[in-house]
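So that the names make sense, note that chain A is the first sequence line, chain B the second, and so on, each numbered from 1.
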Number of protein chains: 2
Amino acid sequence: MKQRLAAIGTVETLPHRVAAFLSREIESGELNPGARLPTEQELSEKFGVSRNVVREAIAQLRADGMIEARQGIGAFVLAPEQRAAIRIDREALKDTHNMERLFELRCILEAESAALAAARRGQEHLDSIKAALDRMGGEERWEEGSIDADLLFHREIARATGNSYIHTFISFVCEQIRHSIHYARMTNPLHNLVEINVGEHVRIYEALVAGDPAAAEAAMRAHIIGAANRVGVKLPLPKSSGAK
Amino acid sequence: MKQRLAAIGTVETLPHRVAAFLSREIESGELNPGARLPTEQELSEKFGVSRNVVREAIAQLRADGMIEARQGIGAFVLAPEQRAAIRIDREALKDTHNMERLFELRCILEAESAALAAARRGQEHLDSIKAALDRMGGEERWEEGSIDADLLFHREIARATGNSYIHTFISFVCEQIRHSIHYARMTNPLHNLVEINVGEHVRIYEALVAGDPAAAEAAMRAHIIGAANRVGVKLPLPKSSGAK
DNA sequence: TGATACATATCATCCTACAACCTGGCCCGA
DNA sequence: TCGGGCCAGGTTGTAGGATGATATGTATCA
């Protein structure tokens, strides 16, 4: 049971906390790009942890391209443009407004990707997508399993584009959304809030089978707008004026 | 001068090398999700480094969500879907085929974002974009400065969407492309390969001023296809069949 | 004045030790 | 025989010091 809790809550380790603190300080602008961080020793004293912990925290920030450490001089904050990784703060996703932004990004990515997938999908891709579709709606289970199948459905479509970067990006965004929905379900007793509309998925699948990019794009767009609505996020006019 | 080299080459630190090794081992599938990593001591012996170095490497992988460490048991490989960060291998970008994929992703992101920006941009956004445009083409310098201005132009448009996630994603993708182009220029003596078409940018800007999403999207799409061609990447029919 | 040598500051790496935690087996009692 | 508690060993988490590598500023000397 404790193990289960650890898997969900992700026990906060000391380096993680230090890294999160520094990260926020940089994001908020208290430490501008080019600024020099306190020395490792100063930080270890400030947080009351060993220098080892501080180093692990800095190693993480450095890997992300947020700071650059130079031997003999110190560590410096880098400009946000030269980040080597994209990382989304899950705390921020508890805000509905941010959820809305994330859904908007997802809509952009997935709609056009669906069009690409319709043009390039092979039979093997269709099979994988169909399998996910069956797992999703076969039984009337609106549970974890169905959500997994839902995500798999979207990932398989992304894979059918043949573009690994698109696959990576879409997988990432979907996973963030899944996480925040999971959180919403934990705090909100309305479990049925998360409801999967199988019909929308079927329409996407049919467009892919037909190899019709425009239809696939439209179906995917409609689906994501619908999905956003079902979790209480109203998506503001994506592609409203540009459609016609 | 040495400082310059350090800023470009990013001196390989031991933890970074260990992390890269483990990362590749996971990506290549030699370590499947759920598998347990060797203990820290075994790894430190295997690589001939201290346990501290191994810990810093593992801390990075853990921050990315590639592995999960449990006290008293060991470290385990996580499924690729639950990554907490997106990280692009710059070595892989030296392959033209990957460049092509990245441009395709960029096209998807930026085209629709341009449409959003056209609908939502305020005067302040137009001013920032115009400033970048002036910096880009004002003087006839196809140098670093112009490339910076080019990137800034795109980032400012992303910012005008009012969606911070879109801004983050586009900044990230653009920066990856900039890096790989920089690398290509170093190895290839054809410096003028990287040429900035000011006219294409002007057309995008005018569509934003007019507040015309469809025109902005089309102009951006044309621009990115053109930019890809200018660096020797032919973009395969994005939005070809779905357009009509 | 100019250049070399030195002292200092800082990060990079290593080492040892202990704490916290999990696993498995052993022992003992019912 | 079975069940439960106890203990030993292994593994990660944290602490603290020691040494090497590198950059900066200063002082000394020709």
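- Here D/dT12 is the nucleotide among C/dC11, D/dT12, D/dA15 with the atom lying nearest to any side-chain atom of B/Arg51.
- C/dC11 atom C1' lies 17 Å from atom NE2 of B/His16, rounded to whole Å.
- Regarding contacts with the backbone of D/dG13, a side-chain N or O of B/Arg62 is found under 4.0 angstrom from either OP1 or OP2.
- Taking side-chain N and O atoms only, B/Ser44 has no distance below 4.0 Å to OP1 or OP2 of C/dT13.
- Distance CZ (A/Phe76) to C1' (D/dT22): 13 Å, rounded to an integer number of Å.
- A distance of 10.5 Å separates NZ of A/Lys130 from CZ of A/Phe153, quoted to the nearest 0.5 Å.
- At a threshold of 4.0 angstrom between heavy atoms, the contacts of A/Ile58 with the nucleic acid are absent.
- Here C/dT10 presents its P atom at 11 Å from CD of A/Glu45, a figure rounded to the nearest Å.
- Along DNA chain C, the nucleotide nearest to B/Asn52 and the one nearest to B/Gln71 differ in position, and the one closer to the 5' end is contacted by B/Asn52.
- Per the geometry, CD belonging to B/Glu56 stands 14 Å off C1' belonging to D/dG13, to the nearest Å.
- Contact check, A/Ser50 against D/dA15: a side-chain N or O comes under 4.0 Å of OP1 or OP2.
- Spacing between atom CG of A/Leu43 and atom C1' of D/dA15 amounts to 16 Å, rounded to whole angstrom units.
- B/His154 has its ring centre no less than 6.0 Å from the ring centre of B/His167.
- Rounded to whole angstrom, the span from the CD atom of B/Glu40 across to the P atom of C/dC15 amounts to 15 Å.
- Of all non-hydrogen atoms in A/Gln176 and B/Arg83, the two that sit nearest each other are NE2-O, 4.0 Å.
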Identify all pairs in which a protein N or O lies below 3.5 Å from an N or O of nucleotides 3-9 of chain C, and state each distance.
none

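- The pair A/Glu40-A/Arg55 meets the salt-bridge criterion, since a charged nitrogen lies less than 4.0 angstrom from a carboxylate oxygen.
- Of the possible polar contacts, one joining the B/Asn163 side chain to the B/Ile166 backbone as a donor-acceptor pair under 3.5 Å is found.
- Salt-bridge annotation for A/Glu175 and A/Arg178: present, with a side-chain N of the basic residue lying under 4.0 Å from a carboxylate O of the acidic one.
- B/Ile67 places its CD1 atom 16 Å from the P atom of D/dT11, with the value rounded to the nearest Å.
- In summary, B/Arg101 and B/Glu104 do not engage in a salt bridge, as defined by a charged side-chain N under 4.0 Å from a carboxylate O.
- In this structure, B/Arg70 atom CZ and D/dG10 atom C1' are separated by 16 Å, rounded to whole Å.
- At least one side-chain nitrogen or oxygen of A/Arg55 sits closer than 4.0 Å to the OP1 or OP2 atom of C/dA12.
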